[in-house]
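Right, one structure below, let's go through it.
Letters A, B, ... are given to chains in the order of the sequence lines, protein chains preceding strands, and every chain is numbered from 1.
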Amino acid sequence: MADDFVIVRDLHRSFNGFKAVDGVSFTIARGEIFGLLGPNGAGKTTTIRILATVLRPDSGEVIIGGHSATKDPQAVRRIIGVCPQELALYEDLSALENLVFFGRMVGLSGGEAKEQAMANLRLMGLEERAKGKVAKFSGGMKRRINFAIALMGHPELLFLDEPTVGIDPQSRNHIYENIVALKEKGMTVLYTTHYMEEADRLCRRVAVMDGGRIIAMDTPYGLKSRIGDPAKVTLEDVFLHLTGRSLRD
Amino acid sequence: MQNMRHIWFLAAKDLTIFVRDRASLFFFIVFPFLFIILFNFLLRGVGSEDSRLELHFATREPEGGLSHLILAGMETKDESLLAPGEPKIVREKDYAAARLAVEGGKLGGFIAFPENFTRALASGEPLELEVFADAGRAELRTALGGVARSLAAELAANQVVIRASVALLTESGIIPADEPSIAAAVRQMMGKITPAGGGSSLISFKVEKVGEVKETNPSDYVVPGYLVMFVFFAAAVSAEMIVRERQNHTLERLLATSVGRSSILGGMFLGLVIKGLIQITIFWVVGILAFRVDLGHSPLGVVILSVLMVLLSSAFAVMLATLVRTQRSAASLAVITSLVLAPLGGCWWPSFLYPLWLQNIAKISPHAWATSGFNKLMLFGANLGDVVPEVVALACFAAIFAVVAIWRFRTSAV
Ligand SMILES: Nc1ncnc2c1ncn2[C@@H]1O[C@H](COP(=O)(O)OP(=O)(O)OP(=O)(O)O)[C@@H](O)[C@H]1O
Ligand SMILES: [Mg+2]
């Protein structure tokens, strides 16, 4: 497709002989929210880290916004924002300082960084706590800051690796609403989550990964129709149908 | 340009976190001085009972040479007239006997004027004073070397004047151009410059300076020793902060921005260097004001050694951070290396007291080179030129640590 913003072709990556990503291919159109689902250890985070140029693939190709992630990682880094699965924050700095620092790291001026930081904190409902030390924040607040940092510098493509993991429904809903708002503004998003109903509502298409491979890729509607009446079955049913009921870890 | 800004923001971020941490501030600034106060107290009095430094001189020139005249002028005639700290100048009557005394362990060492001294002075040949000292007494050797050098420099300055005058006198036919006549004329002129009896004002000025340095203030030894130890220690412990960057996943986040790996490394390094520079500034200011530390002839040399110590310690910390995986191993390795290298390198007590084999082993530690440089400058009256080996060695340590750090950081996974 001409307007594929992200093109991933036959990606492989092993750790000490263990194939974490084993021939993954997909594309994401501009403005699309693309869901990457799969059980623990499926290889979702590894895939995202390769796309975010943090990790080099053993083989395969990643093109983002026309730039190769392996040959021209700097060009890719300028247009992406990452919300890592693990909290990536400076606990000894305030919320505002965290956002401003990463804002400056993505090339914003001092004024811009401060302005965007305050705007993003307001989006996350953390305006009042801007000057508070992150170490003193609750898990939900930290998650929201982790998410807010990814928005610094207005990236064209967002990687959201389980942005709503381990927090209360209020915080989760808050982040969810923000992703919906971003979707409406036409943001391109690669989204992973274990909350199937979130993926169902947000994503135009989802890929289900297991054992380093993509085992199904379609619209949520399409996937649901595969196993029954799409109005009755849930994405969770599809997920369990595809990946089985055995534990992974 | 963008890179420099990234490096600066990273360093500023590290400094912000550091300044917020009360415990590390205490450890970094107050703690070292508690040590210094304690050791200063323990070492007070050591060295003050051997009240006066004796400098022995001899000459190989035959009787009648100019050096005899100079020595007669320098010799201490009445010890009771010496100012406190001014060394006693002892004239050895016989060069060969003095050598035997050194070999027999009766005399630590002495400075000798060469056989051709008068001729060299008149003809412009280089003046080299010989230092003869017990091989085991490195500190005395260095002290005598310093005195000999300043004397030679002093004489060389006079040499120019004397040569010009001699040329003028022979050309105009006032004195015949043969060696004995010239020697006699030089003798006369030198006699004016170094009036026998009173001690030459030019030469005694330099010697006095050496005496001043030799006045034993334990701080001159203790402060640089602890500076070396704590600059290294504080930096090494900060390696933990860099490892934390990796464990907190903020490094991963940085790697996904357009900040290059070299800028990230540069920012960590710069943050450490700034901390170290603040630390040495505090050390020297407090050392000079509160402990009356004397930096010696070459304060510039002291500054250069201190800055090199900061650079190599920072490079070591970054290297350490790239070699270990966890905060815990970074912290314990930092403590172990610091506590082994500090005494080995003479930070706690003078390493010239160690047996030679241990002194040689100690050379693998940057601490040994740094303390040796500081001691030379601050205790033994050496000049900047005398600590070139130390400067080069410390720069090499910094370069090696930096190269390993860069290589490891390039290839290491997150
Ligand atoms: N740096 C690494 N070294 C060794 N093994 C790794 C590394 N990173 C990931 N793996 C392994 O690769 C596999 C895929 O991990 P990954 O984190 O990509 O899974 P995931 O789909 O994100 O799982 P989760 O839902 O639990 O986040 C796992 O078995 C993991 O143990
Ligand atoms: Mg994951």
Side-chain angles (χ1 to χ4, degrees), chain A residues 13 15-16 45-46 48-56 64 67 69 72-94 97-110 113 133-135 142 145-146 149-150 152-153 155 157-159 161, chain B residues 1-25 27-28 237-238 240-268 270-271 275 325-327 409-414:
Chain A
R13 171 73 204 216
F15 296 105
N16 310 314
T45 298
T46 307
I48 287 186
R49 292 177 77 206
I50 294 170
L51 266 60
T53 76
V54 175
L55 203 64
R56 287 185 72 86
I64 294 175
H67 310 285
D72 190 6
Q74 285 297 53
V76 171
R77 287 168 189 153
R78 275 191 275 275
I79 55 176
I80 61 172
V82 184
C83 174
Q85 178 173 359
E86 310 282 351
L87 293 171
L89 307 166
Y90 295 105
E91 299 250 324
D92 298 313
L93 297 182
S94 71
E97 283 168 332
N98 267 283
L99 268 78
V100 169
F101 172 72
F102 283 109
R104 304 229 61 179
M105 288 293 112
V106 299
L108 299 179
S109 73
K133 204 168 142 180
V134 169
K142 287 181 188 173
I145 293 169
N146 203 39
I149 292 172
M152 294 300 292
L157 169 65
L158 267 183
F159 295 112
D161 195 352
Chain B
M1 192 54 218
Q2 183 71 5
N3 285 350
M4 295 317 283
R5 281 181 38 203
H6 282 151
I7 289 173
W8 167 243
F9 294 138
L10 281 156
K13 180 263 300 166
D14 283 345
L15 288 172
T16 310
I17 293 174
F18 171 71
V19 171
R20 300 244 169 105
D21 184 357
R22 293 277 156 76
S24 72
L25 272 182
F27 180 73
F28 177 84
V237 168
S238 307
E240 189 245 15
M241 211 165 129
I242 299 175
V243 176
R244 193 156 69 205
E245 186 103 45
R246 186 166 57 215
Q247 290 198 325
N248 285 352
H249 308 281
T250 44
L251 179 59
E252 168 145 4
R253 188 156 224 158
L254 286 171
L255 288 173
T257 66
S258 52
V259 182
R261 273 184 182 245
S262 52
S263 301
I264 296 175
L265 207 59
M268 292 168 173
L270 181 65
K275 269 196 270 179
R325 300 293 321 168
T326 65
Q327 273 171 267
F409 196 67
R410 279 247 177 92
T411 55
S412 68
V414 184

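Each of B:Asp21, B:Thr16, B:Leu10 has some count of heavy-atom pairs under 4.5 Å with chain A, and the biggest count is that of B:Leu10. Chain B forms the most heavy-atom pairs under 4.5 Å with one residue out of A:Arg104, A:Glu86, A:Arg56, and that residue is A:Arg104. Contact count versus chain B (heavy atoms, under 4.5 Å) is highest, among A:Val106, A:Val76, A:Leu87, A:Asn98, for A:Leu87. Heavy-atom pairs under 4.5 Å with chain A were tallied for B:Arg244, B:Glu245, B:Lys13; the largest tally goes to B:Lys13.
The line from CD1 of A:Ile80 to OG of B:Ser258 is 9.5 Å long, rounded to the nearest 0.5 Å. One distance of note links CG of B:Asn248 with CG of A:Leu89; it measures 8.5 Å at 0.5 Å rounding. Once rounded to the nearest 0.5 Å, the distance linking CZ of B:Arg253 with OH of A:Tyr90 reads 10.0 Å. Here CD of A:Glu91 is found 10.0 Å from OG1 of B:Thr250. Values are rounded to the nearest 0.5 Å.
Taking all atoms of both residues into account, the shortest heavy-atom contact from B:Phe9 to A:Phe101 is O-CE1, 3.7 Å. Nearest heavy atoms, A:Glu97 versus B:Arg20: OE2-NH2, 2.6 Å.
A 4.5 Å side-chain heavy-atom check between A:Arg49 and B:Glu252 finds at least one atom pair inside the cut-off.
Every residue two or more places apart in sequence or in another chain that forms a side-chain contact (heavy atoms from CB on, under 4.5 Å) with A:Ser109 is listed here: A:Glu112. Contacts of B:Gln247 classified as side chain to side chain donor-acceptor pair (under 3.5 Å), with partners at least two apart in sequence or in another chain: none.
In this structure, chain B has heavy atoms under 4.5 Å from both the backbone and the side chain of A:Ala150.
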Test side-chain contact (heavy atoms from CB on, under 4.5 Å) on A:Met105 and B:Ile264; report intermediate values, then the result.
CA-CA 10 Å; A:Met105 288 293 112; B:Ile264 296 175; over 6 Å; no
